[in-house]
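A short worksheet on the structure shown next.
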Amino acid sequence: MKIDLIELLSFFDELLQPTEEERGIYWLDTKRSDGLIITFAFSISEAYVHVIVHNISEIDIATVSLKNCSEIRILDQKRKCLEILHSDGTGRCFMSLSEGPILEYTE
């Protein structure tokens with residue numbers, strides 16, 4: 001999976017404990033101003049992404065899992081927007097960490 005890891009690590013607030021850098025598995029967290037917490041987990045070698053949305057009580061509100069991801073690309077660092085692309089070119093997931101809808105998936 002194509003990714004600028006340094007840029008992505010600076011995009012989120014915190015690197016979480018389940019991260020296994022030697023295996024290319026990362027768990028990242030950020031908290032939005034509306035109190036929602038977004039956990040972003042991905043594997044570079046296995047090409048998957050999991051997005052978990054929860055609140056301060058740690059009750060999951062939503063979980064989205066994407067397989068066969070080819071790229072994670074930051075679109076706007078200031079507005080905290082990124083996109084996840086599928087390897088076959090048919091799917092795109094837009095993600096906003098700061099405002100508005102969190103996820104938008106299109107095929």
Side-chain angles (χ1 to χ4, degrees):
M1 180 167 33
K2 184 178 173 186
I3 184 170
D4 183 334
L5 190 56
I6 302 300
E7 187 178 33
L8 192 63
L9 291 172
S10 69
F11 192 75
F12 287 87
D13 297 334
E14 183 179 5
L15 182 66
L16 299 177
Q17 195 57 249
T19 294
E20 297 179 43
E21 290 185 77
E22 64 281 350
R23 292 185 53 211
I25 298 171
Y26 293 85
W27 286 72
L28 307 164
D29 230 13
T30 198
K31 186 173 183 180
R32 288 175 31 138
S33 60
D34 59 9
L36 292 176
I37 300 164
I38 301 166
T39 301
F40 189 76
F42 64 94
S43 170
I44 295 171
S45 61
E46 296 177 29
Y48 69 75
V49 172
H50 300 301
V51 179
I52 305 160
V53 180
H54 52 99
N55 56 25
I56 56 173
S57 66
E58 305 229 359
I59 296 172
D60 289 356
I61 296 169
T63 301
V64 175
S65 296
L66 303 168
K67 296 178 182 178
N68 302 318
C69 301
S70 63
E71 185 174 3
I72 300 171
R73 202 168 34 178
I74 293 177
L75 301 175
D76 188 330
Q77 182 82 20
K78 184 178 177 184
R79 291 180 47 221
K80 292 206 169 227
C81 298
L82 62 84
E83 71 178 345
I84 304 155
L85 303 173
H86 282 288
S87 56
D88 61 7
T90 61
R92 174 187 184 260
C93 183
F94 174 80
M95 190 167 153
S96 174
L97 300 182
S98 62
E99 58 188 41
I102 296 168
L103 292 172
E104 179 183 316
Y105 183 81
T106 54
E107 287 187 330

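Not measured: the values here are computed from a predicted model.
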Following the transitive rule for hydrophobic clusters with a side-chain heavy-atom cut-off under 4.5 Å over Ile, Leu, Val, Met, Phe, Trp and Tyr, establish whether Leu36 and Val51 coincide in one cluster. yes
Output for pair (Leu9 CG, Thr19 OG1), nearest 0.5 Å, gives 8.5 Å
Can you tell me how far the OG atom of Ser45 sits from the CD1 atom of Ile25, to the nearest 0.5 Å? 6.5 Å
For the OG atom of Ser96 and the CZ atom of Arg32, what is their distance to the nearest 0.5 Å? 6.0 Å
Could you tell me which residues satisfy salt bridge (charged side-chain N to carboxylate O under 4.0 Å, His left out) with Glu83, sequence neighbours excluded, listed by chain and number? Arg73, Arg92
So how far is it from Leu8 CG to Gln77 CD, rounded to the nearest 0.5 Å? 9.0 Å
Minimal non-hydrogen separation, Ser87 against Ser70, with atom names: CA-CB, 3.5 Å
Just wondering, do Ile44 and Ile3 contact through their side chains at under 4.5 Å, heavy atoms? yes
Linking I/L/V/M/F/W/Y whenever their side-chain heavy atoms sit closer than 4.5 Å, directly or via other members, would Val64 and Ile38 fall into one cluster? yes
Rounded distance (nearest 0.5 Å) linking atom NZ of Lys78 with atom OG of Ser98: 10.5 Å
Between Ser65 and His50, the two heavy atoms sitting closest are OG-ND1, 2.7 Å
By the definition side chain to side chain donor-acceptor pair (under 3.5 Å), identify the one residue from Thr63, Thr30, Asp29 that meets it with Thr39. Asp29
Flag side-chain contact, heavy atom, 4.5 Å: Phe40 against Ile72: yes
Side-chain heavy atoms nearer than 4.5 Å, only ILVMFWY residues, links allowed to pass through others: does that put Phe12 and Leu16 together? no
Answer yes or no: is there a side-chain heavy-atom contact under 4.5 Å between Leu66 and Tyr105? yes
Taking the side chain as everything from C-beta on, heavy atoms only, tell me whether Leu28 gets closer than 4.5 Å to Phe11. no
Hey, what do you get for CD1 (Ile74) to CE (Met95), rounding to the nearest 0.5 Å? 10.5 Å
For residues Glu14 and Lys31, determine if any side-chain heavy atom of one lies less than 4.5 Å from a side-chain heavy atom of the other. no
State, with a plain yes or no, whether a side-chain heavy atom of Phe42 is found less than 4.5 Å away from one of Ile84. no
A side-chain contact here means heavy atoms from C-beta on lying under 4.5 Å apart; do Leu5 and Tyr26 qualify? yes
Residues at least two apart in sequence or cross-chain that pass salt bridge (charged side-chain N to carboxylate O under 4.0 Å, His left out) with Asp13, listed by chain then number, are Lys80
Evaluate the side-chain proximity of Asp88 to Asn68: yes if any heavy-atom separation is below 4.5 Å, no if none is. no
Applying a strict under-4.5 Å side-chain criterion to I, L, V, M, F, W and Y, I'd like to know whether Ile37 and Val53 cluster together. no
